[in-house]
Participant: 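Dropping a structure here in structure tokens format, bear with me for questions.
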Amino acid sequence: MSGAVSATGGTGSYTYTLVNPDGGTGAVETGSNGFVTLNSDGTYTYTLTSAFGHNGPDGSDDGALVADADNVESFAVLVTDTNGNTVQT
């Protein structure tokens, strides 16, 4: 999966970096089921590295994708404008 994050309201161009859970920043962050690579222009690619859960009503794997908290990945992005102003998503 790929796409782009965007920002408005700042001055000049923007740069985008991922924020790690420990507060550090970088271009690649690993989640529970995959990893995201974020380019400084805001374009990103998410790569799935393990299957999401497929749990039936009895907890067994029934092959159907279940939309629950275990099947959601989220990543924090730090946006910086030309003047050095920042905002974190």
Participant: If every non-hydrogen atom of T11 is compared with every non-hydrogen atom of D81, which pair is closest and at what distance?
Facilitator: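 Of all heavy-atom pairs spanning T11 and D81, the closest is N-OD2, 3.0 Å.
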Participant: Considering only heavy atoms from C-beta outward, does the side chain of V77 approach that of L18 to under 4.5 Å?
Facilitator: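 Yes, at least one pair of side-chain atoms sits under 4.5 Å.
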Participant: Rounded to the nearest 0.5 Å, how far apart are CG of N83 and OG1 of T80?
Facilitator: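 Going from CG on N83 over to OG1 on T80, the span is 11.0 Å.
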Participant: Under a 3.5 Å distance rule, please check whether E73 uses its side chain to pair with a backbone N or O of S32 as donor and acceptor.
Facilitator: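 Present.
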Participant: Decide whether V28 and L48 are clustered together by the hydrophobic rule: side chain heavy atoms of Ile, Leu, Val, Met, Phe, Trp, Tyr closer than 4.5 Å, transitively.
Facilitator: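 Not linked; separate clusters.
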Participant: Kindly compute the distance separating OH (Y46) from OG (S2), expressed to the nearest 0.5 Å.
Facilitator: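 So the OH of Y46 and the OG of S2 are separated by 13.5 Å.
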Participant: A7: which residues meet the side chain to side chain contact (heavy atoms under 4.5 Å, CB included) condition with it, sequence neighbours left out?
Facilitator: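 Per chain and number, A7 pairs via side chain to side chain contact (heavy atoms under 4.5 Å, CB included) with Y14, Y16, V79.
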Participant: Identify the two heavy atoms, one from N20 and one from T25, that lie closest to each other, and give their separation to 0.1 Å.
Facilitator: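 Nearest heavy atoms, N20 then T25: ND2-N, 3.7 Å.
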Participant: Main chain of N33, side chain of T49: is a donor-acceptor contact present, judged purely on distance under 3.5 Å?
Facilitator: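 Answer holds: yes.
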Participant: Which atom pairs, donor and acceptor, lie under 3.5 Å between side-chain atoms of residues 34-43 and protein residues at least two apart or in another chain?
Facilitator:
{"residue": "N39", "atom": "ND2", "partner": "T43", "partner atom": "O", "Å": "3.4"}
{"residue": "N39", "atom": "ND2", "partner": "T43", "partner atom": "OG1", "Å": "2.8"}
{"residue": "D41", "atom": "OD1", "partner": "T43", "partner atom": "N", "Å": "3.0"}
{"residue": "D41", "atom": "OD1", "partner": "T43", "partner atom": "OG1", "Å": "2.7"}

